[in-house]
Amino acid sequence: MVSIYYSYLSEENHENLLKNSLPDFPEDYQNKIRRYRRWQDAQLSLLGRVLLFRGMEEAGLFYAPDQEIKYTAYNKPYLEGNPMPFNISHSGEIVVCAISDQGEIGIDIEIVNDVIIDDFKFQMTENEWNKISTSTNIKSAFFEYWTQKEAVIKAHGHGLTIPLSSFEIADHKTEIQGEKFYLKEIKIDEKYQCTISLKTTIKDVVLKYLL
């Protein structure tokens with residue numbers, strides 16, 4: 001099963017988070033959060049960790065929040081000895097955290113805003129770009145592909161060392177270096193596009209709002 005936890009930024013809840021949640025985490029992380037100039041940036045980071053450890057607790061994995069989150073050589077986060085991989089993403093005013101018992105997972109959320117879509121043509125395959133450029137809703141088609149691409153490379157684990165144009169999304173699946181990846185759209189908010197990716201067919205997904 002895949003559990004996806006999400007939360008919205010809240011200025012009125014910020015001091016409460018700093019007072020009641022931040023002290024649970026390692027001191028160096030607390031200092032990092034306090035150095036942010038914008039409360040929004042601090043809260044985006046903090047909420048990601050709060051969602052992660054709430055999710056772990058619900059899954060029966062009692063990791064203390066002060067346990068260090070480590071990173072692979074490709075900057076993919078993980079917890080030592082954790083049997084349930086996770087991934088975190090944020091955009092606009094939403095933070096999401098996906099936890100999986102089906103192997104490595106990637107999640108990406110993007111607020112659907114005005115961008116110069118032509119600037120991203122080189123990131124797409126020819127077929128993908130043709131589908132985007134001929135779509136009745138070009139912006140929606142672009143963000144659908146973009147979140148799919150991002151979710152896949154997060155699940156793969158090697159980040160942007162994998163060029164986005166080197167693999168093609170078709171029928172909610174793709175292949176990288178002989179490994180198959182499957183995709184599923186997650187509907188959270190009509191202003192956002194969100195996608196998860198796994199190496200197995202995606203079946204049970206539970207969406208939970210926290211905070």
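Just so you know, these numbers come straight off a predicted model, no measurement behind them. Computed over heavy atoms, backbone and side chain alike; hydrogens, waters and symmetry mates excluded.
When all heavy atoms are compared, the tightest approach of Val95 to Leu51 is O-CD1, 3.6 Å. In terms of heavy-atom proximity, Lys208 sits nearest to Glu58 at NZ-OE1, 2.7 Å.
A donor-acceptor pair shorter than 3.5 Å cannot be found between the side chains of His158 and Gln177. Counted by atom type alone, Thr174 and Tyr182 present zero donor-acceptor pairs between their side chains at under 3.5 Å. Neither side chain, Asp66 nor Tyr29, offers a donor N or O lying under 3.5 Å from an acceptor on the other.
For the pairing with Phe120, the ring-ring contact (aromatic ring centres under 6.0 Å, His included) check across Trp146, Trp129, Tyr145 returns one residue only, Trp146.
Scanning for side-chain contact (heavy atoms from CB on, under 4.5 Å) contacts around Ser140 gives Asn137, with sequence neighbours left out. Residues satisfying the side-chain contact (heavy atoms from CB on, under 4.5 Å) test with Ser10, not counting sequence neighbours, are Glu12, Asn13, Gln43.
Checked by atom type and distance alone, the side chain of Thr147 pairs as donor or acceptor with a backbone atom of Phe143 at under 3.5 Å. No donor-acceptor distance shorter than 3.5 angstrom exists from the side chain of Ser135 to the backbone of Lys131, with no hydrogens or angles considered. Under a 3.5 Å cut-off, the side chain of Ser165 and the backbone N or O of Thr125 do not form any donor-acceptor pair.
In this structure, Lys187 pairs ionically with Glu185, as a charged nitrogen and a carboxylate oxygen lie closer than 4.0 Å. Classification of Lys199 and Glu179 as a salt-bridged pair holds, one side-chain N sitting under 4.0 Å from a carboxylate O.
Residues Ile69 and Arg49 have side chains in contact (heavy-atom distance under 4.5 Å, counting atoms from C-beta outward).
Annotation: cation-pi pair Arg54/Tyr5 absent, no NZ/CZ under 6.0 Å from the ring centroid and within 45° of its normal.
Residues Tyr78 and Tyr71 place their aromatic rings such that the two centres sit no closer than 6.0 Å.
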